[in-house]
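Reading through the C-alpha cells given below for one structure.
Letters A, B, ... are given to chains in the order of the sequence lines, protein chains preceding strands, and every chain is numbered from 1. Below, each value reflects all heavy atoms present in this structure, side chains not excepted, and no hydrogens, waters or symmetry copies. Bear in mind that the values here come from a model prediction, so they are computed numbers and not experimental data.
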Number of protein chains: 2
Amino acid sequence: MSAQLEPVMDTAPVRVLLADDEHLIRGALAALLSFEDDLRVVAEAASGPEALAMARAHRPDVAVLDLEMPGADGVAVATSLRSELPDCRTMIVTGHGRPGHLKRALTAGVRGFVPKTVSAQRLAEVIRTVHAGGRYVDPELAADAISAGDSPLTARETQLLEFAADGAPIAEIAQRAALSPGTVRNYLSSAAAKLSAENRHAAVRIARSQGWL
Amino acid sequence: MSAQLEPVMDTAPVRVLLADDEHLIRGALAALLSFEDDLRVVAEAASGPEALAMARAHRPDVAVLDLEMPGADGVAVATSLRSELPDCRTMIVTGHGRPGHLKRALTAGVRGFVPKTVSAQRLAEVIRTVHAGGRYVDPELAADAISAGDSPLTARETQLLEFAADGAPIAEIAQRAALSPGTVRNYLSSAAAKLSAENRHAAVRIARSQGWL
DNA sequence: CAGTGCCGATGACATTTGTCATCGAGGCAT
DNA sequence: ATGCCTCGATGACAAATGTCATCGGCACTG
C-alpha cells in the first residue's frame with residue numbers, strides 16, 4: 001500500500017533487516033552483505049523489541065533474526081512480524097540449533113533457518129531464496145528435528161521443568177507454581193520417566209537439548 | 001624464515017590469525033578487518049587445534065581467539081601459543097563474558113579481552129593496542145571479575161561439580177571420579193555450602209555463572 | 001617438629017526426592 | 001446420564017541425598 005515510489009529496476013535490491021545482539025557480529029555481517037549488489041541492509045537492531053520497531057519503520061523485504069536476543073527471541077519477533085507486516089519474509093540465524101526451535105520457527109512462518117556455521121556466501125543465497133518466496137532449512141538441523149520428534153511432555157510437565165531448571169528444591173517449585181509439593185513431585189517424576197532421565201535435573205538437561213524447555 | 005619477500009612499508013601491516021567456530025562470524029569479521037589498511041588477516045581457524053596449527057604455519061603477530069570453540073577453548077590455545085610462539089600476542093573475543101574466564105585468560109598471558117558486543121572499530125583498535133604490547137580489557141567485564149573474586153572451591157570440589165553438571169546421580173559421579181560415594185557427597189555438600197546453594201545442582205548453576213566450572 | 005589444610009573414607013542420621021496406588025473434581029463426548 | 005479423560009492432591013514407602021562428626025594419610029610451611 002506504500003511501496004509504489006520505489007524506482008523499478010532490472011532487479012530491485014532486496015531490503016534486509018539485520019537483528020543480532022552482538023554488535024560485532026551484526027556490523028561485520030552488514031559489511032559482508034554489502035558486497036552483494038542485490039542485497040541492501042536498511043536497518044539493524046540489537047534486541048527483539050528494537051527489531052520490531054525497526055521493521056515497522058523501514059518495512060524490509062527480509063528480516064534476518066538471531067534466535068537468542070534479549071527482550072524477545074527471534075521466533076517471537078517473527079510471530080509478531082507475520083501479523084504486522086505480512087509482506088516481510090523472516091529467517092532465523094542461530095548459533096545452537098536445537099530441534100524444537102526449528103519447529104517453533106516454522107510454525108511461526110519463518111522461511112529460512114540456518115546455523116552460524118554456514119558461509120556468508122550461503123547466507124546471501126538463502127536471503128535471496130527467502131525473498132523469492134522459497135524456503136531453506138539447514139539439512140543437518142532438519143534431520144535432527146525430524147528424528148527428534150515432538151515433545152512428549154504435557155504443558156504442566158514442561159512448565160514445572162522450567163521452574164526446576166535452576167536446581168531449586170521441590171518446595172520452592174511448588175510455591176512458584178502454586179501447587180502442592182506432592183503434585184509437583186508427581187509431574188516431575190512423570191516428565192523424567194518420559195525423557196528416560198534418572199532424575200528431574202537430568203530431565204531438564206535433556207529437554208533443553210531438544211529445545212523443549 | 002620465509003616472510004622476507006614482503007615489501008617493508010612505512011608501518012608494516014599487523015598479521016592477524018582469526019579463530020572462531022562459526023564460519024559466518026569468522027568470514028564476516030575477516031571481511032570487516034580487511035577494511036583496515038594496517039591489519040591483515042593471514043589465517044583463519046574453526047577449532048582450537050586448527051588455530052594452533054595455523055599459528056605454527058603462519059606465525060601471526062596477533063591471534064584473535066573465540067572463547068568457546070570445539071577441541072580446545074580460547075584460553076587453552078592462548079596457553080599453548082605462549083610457550084610455542086612467544087612473539088605472538090593473543091586476545092580473546094567472547095559472547096558470554098564470565099568473570100572466571102577473564103582471570104584464566106589473563107594468567108594465560110592473554111593481552112586483550114572483549115565481548116562480542118563491541119563495535120568493529122573498537123576491535124580493530126584493540127588489535128592494534130595488543131600488537132603494540134599494550135593490554136585492553138572490557139571495563140564492564142573487568143568490574144565483574146573484580147567484584148566476583150576468586151573461586152572458593154578446591155580442585156576436587158570443582159572437578160566433582162563438573163561431573164555433577166549433567167544431573168547424574170551420586171553413584172555415577174563416584175564411578176567416573178573413581179571415588180567412594182560418601183566422599184563424593186561430602187565434597188559436593190561442601191561445595192554447595194561454599195556457594196550458598198541449596199543443593200549440588202543449584203551449585204553447578206552458580207559456579208557456571210561465575211566461570212568457575 | 002608442630003600446625004595447618006586438603007584429600008579420601010566411613011558411619012549415622014535427617015531430609016529430600018522418586019515411585020506408586022488411589023481419590024475427587026471438573027470437562028467433554030456419546 | 002454415563003463413561004472417559006486430565007488435573008491436582010494425598011499417603012505410604014523406598015531410595016537418594018545432604019549433613020555432621022570423625023579418622024588417617026600426606027604435603028606444605030612456619
Margin query: Return a single string for nucleotides 21-27 of chain C, one symbol per nucleotide in 5' to 3' order, where B is base contact, S is sugar-phosphate-only contact and - is none, cutoff 4.0 angstrom on heavy atoms.
Written below: -------

Item checked: Partners meeting side-chain hydrogen bond (donor to acceptor under 3.5 Å, both in side chains) with B:Glu36 (sequence neighbours left out) -> B:Arg128

N/O-N/O pairs, protein side and nucleotides 5-8 of chain D side, under 3.5 Å:
residue, atom, partner, partner atom, Å
D:dG8, OP1, A:Arg156, NE, 3.4
D:dG8, OP1, A:Arg156, NH2, 2.7
D:dG8, OP2, A:Arg156, NE, 3.0

Item checked: Note: B:Glu172-B:Arg176 ion pair, threshold 4.0 Å (strictly below) -> yes

Checklist line | Note: B:Lys116-B:Asp66 ion pair, threshold 4.0 Å (strictly below) | finding: yes

Check: Reckon B:Arg200 has a side-chain N or O less than 4.0 Å from the OP1 or OP2 of D:dT17?
Finding: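 Checking D:dT17 against B:Arg200, a side-chain N or O does come within under 4.0 Å of OP1 or OP2.
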
Notebook entry, point to check: If you fit an axis to the five pairs at each end of the helix from C:dC1-D:dG30 to C:dT30-D:dA1, how big is the angle between those two axes, to 10 degrees?
Noted result: 30°

Item checked: 5' priority, DNA chain C, between B:Gly182 and B:Asn199 [closest heavy atom] ->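 Nearer the 5' end of the strand: B:Gly182.
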
Check: Any side-chain donor-acceptor pair under 3.5 Å between B:Ser151 and B:Gln210?
Finding: no

Checklist line | Whole-Å distance separating the CD atom of A:Gln175 from the P atom of C:dT16 | finding: 13 Å

Next item on the list: Could you state the atom-to-atom distance from CZ of B:Arg185 to P of D:dA16 in whole Å?
Entry: 10 Å

Margin query: Under the criterion side chain to side chain contact (heavy atoms under 4.5 Å, CB included), I'd like the reasoning laid out for A:Leu179 against A:Leu160: C-alpha separation, chi angles, the key distance, then a yes or no.
Written below: CA-CA 10 Å; A:Leu179 287 177; A:Leu160 290 184; 4.3 Å; yes

Next item on the list: To the nearest 0.5 Å, tell me how far A:Asp144 CG sits from A:Asp138 CG.
Entry: 9.0 Å

Notebook entry, point to check: Does anything in residues 157-170 of chain A reach DNA chain C, meaning a heavy atom under 4.0 Å, and if so which residues?
Noted result: A:Pro169, A:Ile170

Check: For DNA chain D, which residues in residues 201-213 of chain B have a heavy atom at a distance below 4.0 Å?
Finding: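 Those residues whose heavy atoms fall under 4.0 Å from DNA chain D, taken from residues 201-213 of chain B, amount to none.
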
